[in-house]
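Proteins get letters first, then strands, A, B, ... in listed order; numbering begins at 1 in each. This is a predicted model, so every value here is computed, not measured.
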Number of protein chains: 2
Amino acid sequence: MATIYDVAERAGVSLATVSRVMNKNTNVGEKTKQKVLAAMAELDYRPNTFAQSLASNSSNSIGVLVSQLDGPYYGPMMAEIESALRATNKHVIIAVGHSVAEQEIDSVEFLLGRGCDALILDVEAVSDEYLIELSQGATPIVLINRYISDISDRCIYLDNELGGYLATRHVLELGHRDIAYVSGPKRKHDAVERLEGHKKALAEFDVPYKASLCVEGDYKEDGGVVAMEQLLDSAQRFTAVVCANDQMVSGAISVCLERGLKVPGDLSFVGYDNIPFARYISPKLTTVNNPIHEMGKMAALWLLKNIYKNDQLEVTNVFVPELVVRGSARRPGNK
Amino acid sequence: MATIYDVAERAGVSLATVSRVMNKNTNVGEKTKQKVLAAMAELDYRPNTFAQSLASNSSNSIGVLVSQLDGPYYGPMMAEIESALRATNKHVIIAVGHSVAEQEIDSVEFLLGRGCDALILDVEAVSDEYLIELSQGATPIVLINRYISDISDRCIYLDNELGGYLATRHVLELGHRDIAYVSGPKRKHDAVERLEGHKKALAEFDVPYKASLCVEGDYKEDGGVVAMEQLLDSAQRFTAVVCANDQMVSGAISVCLERGLKVPGDLSFVGYDNIPFARYISPKLTTVNNPIHEMGKMAALWLLKNIYKNDQLEVTNVFVPELVVRGSARRPGNK
DNA sequence: GACTTATGGCTACCATTTACGACGTTGCAG
DNA sequence: CTGCAACGTCGTAAATGGTAGCCATAAGTC
């Protein structure tokens, strides 16, 4: 592999000049620049990234820590991050935290140890304090899906409470009054925020919140199954179910269909996230759109702007969810 | 940040000894070893990865190139790769090829330029020749989802033809004789292999293959929608539809339901891949299991074994698909 | 006393970046 | 017209933080 020395020799210049040609084009004469470029091409020279990183103390790599890689949620986000970053020749190192504090911290250390220039974090278990302290370290971080007021400018997040509100308001407006709610795990921030929105909507319509109609799921399909069985077996009256994400809705609906209940004839459903499958399951899901891929892209842009000093980039921190009305919810008693 | 020199000084030993402690534990006394370890802990010393990479010319990083990041398919694979590799302190750099030859090659170059120790590739557009040549380069590669006889030991793949065969045989055994097939894009290897299996099953049951009953989709939900509409509008008779993947099944079923057709009453469906959602959509999908996550894990193990010389690891190259019978296919005429 | 084991001390090497300084040219003021 | 400062252009050499190999030395073992 050709080194910068070879290029310098071939071009008849010093290695510093070659380096200058590669980096900032400042102060290098046009003629020599062409000579150097020609020499690089002839030798098929590629700078050694290791040496570059060592000397410049920057790796052009971004660590991305997500909670999980499978599931319909993080793929689109990762895809956006990758493409935005790659376009500027940065690369992405991934790690998974599994929503467990210890593993999240471990992953952060891992990424830091790898010399990432910055971190994009989607973490749930770790404390606000930890993140605040981390943000004061040498390596910049940006948070996806989480809002911490002390470092709000580094947070890219969705207004989850509004989303929860919109979902429940929709069924209220359709006329439902007995509404069950399948929450995400209460230890997750977005789960409690969505639930808050739900309560807010109920209050607005003067419908009392009943704890017995709210069951905690795990954000997975199985969680929806279990929650729905529990709800149905409790023999409580309800005509609509709002779920904190689409995966749980699909699990819940599958239980209903198995028991011969019609959806949305007997029971209306509203989901959350608008995952790709939401429009292909039957009935098509009425849900709240979660622009997770845009948030991923925005996180990448934030970095480009703040770390690599690429200005003229507009960054939005907070995203607003929107209701997507499809076929899984309708008026009560309308069979 | 503390350097190896600081550690040596603090521990009162030489730099060489520190290096010995970190790498191979050869010939270093227990007492001094403890001193060094203590000094490292006190100084919170972490070896500078850039310098390590430069000096050793190995980065402990693996490049993973997939076709896409969204969709239900690659997430589980990536998850397995990440966890297997991380357990041994390697890290994963991702890139996306989008099934376009130019982008795939570009991504390979990108990964190579990043100094990856090895590459895991899931590529579709690039030629066999390119991959064979690549495999002879300095950086080892392993292929997922593709079989090339010249480099078969570096291929981790599924017997797609068998899978296609199993899917179609299932509906044949149920009594169907008029069977439509929604293929994946013909430019993809697995798509043509699956179709081959389909034809083989037909032949075995003496059912002639009709090209008019076979339409090409794009492996996405929308492709299933379009294909199904085309099939239905063609006014041909068929009682079962075999789709080359689950995403297209879900699109196809949604069309049927919209048109008032009962599934599986009027039309039976069999899918392929057994994506997580397959069991939660209604009806639950009968499909062919594709152990993609195991294949990801196996690719990682292959690397550990072959690159990092971690022996005593068993590697399987070819995986066999299995039929998963659920509720989307039943006897014809059984309403 | 020969042999082994543990350790230190050097040095070469890896491929860059970057601070510093040298050199020649230019423009402007005296 | 000349002297000098400023500037653009380039080279030199010192970091950067490790790895790895060699040889010397010391201590312990049979």
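- Under the ring pair (Phe, Tyr, Trp, His ring centres under 6.0 Å) criterion, B:Tyr45 pairs with no residue, sequence neighbours left out.
- We find that CZ of B:Phe50 is positioned 11 Å from C1' of D:dT16, with the value rounded to whole Å.
- Partners of A:Arg187 by salt bridge (Lys or Arg N to Asp or Glu O under 4.0 Å), not counting sequence neighbours: none found.
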N/O to N/O distances under 3.5 Å, protein versus nucleotides 24-27 of chain C:
none

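- Checked against salt bridge (Lys or Arg N to Asp or Glu O under 4.0 Å), A:Asp150 has no partners two or more places apart in sequence or in another chain.
- B:Gly115 comes within 4.0 angstrom of no nucleic acid atom, judged by non-hydrogen atoms across all strands.
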Completion exercise
Whether each nucleotide of nucleotides 14-20 of chain C has a protein heavy atom under 4.0 Å at its base (B), only at its sugar-phosphate (S) or at neither (-) is summarised, 5' to 3', as BBBSB--
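- Atom CG in B:Asn60 sits roughly 11 Å away from atom P in D:dT19 (whole-Å rounding).
- Considering only residues two or more places apart in sequence or on other chains, B:Asp128 meets the side chain to side chain donor-acceptor pair (under 3.5 Å) condition with B:Arg146.
- Remark: A:Ser61 pairs with A:Ser59 by the side chain to side chain donor-acceptor pair (under 3.5 Å) rule, at least two apart or across chains.
- Listed by chain and number, the residues in a side chain to side chain contact (heavy atoms under 4.5 Å, CB included) with B:Asp44 are B:Arg46 (sequence neighbours excluded).
- Note on A:Thr32: only backbone sugar-phosphate atoms sit closer than 4.0 angstrom, heavy atoms only; bases stay farther off.
- Using a 4.0 Å cut-off between charged side-chain N and carboxylate O, B:Arg86 and A:Asp106 make a salt bridge.
- When the ring pair (Phe, Tyr, Trp, His ring centres under 6.0 Å) test is applied to A:Phe319, no partner is found at least two apart in sequence or on another chain.
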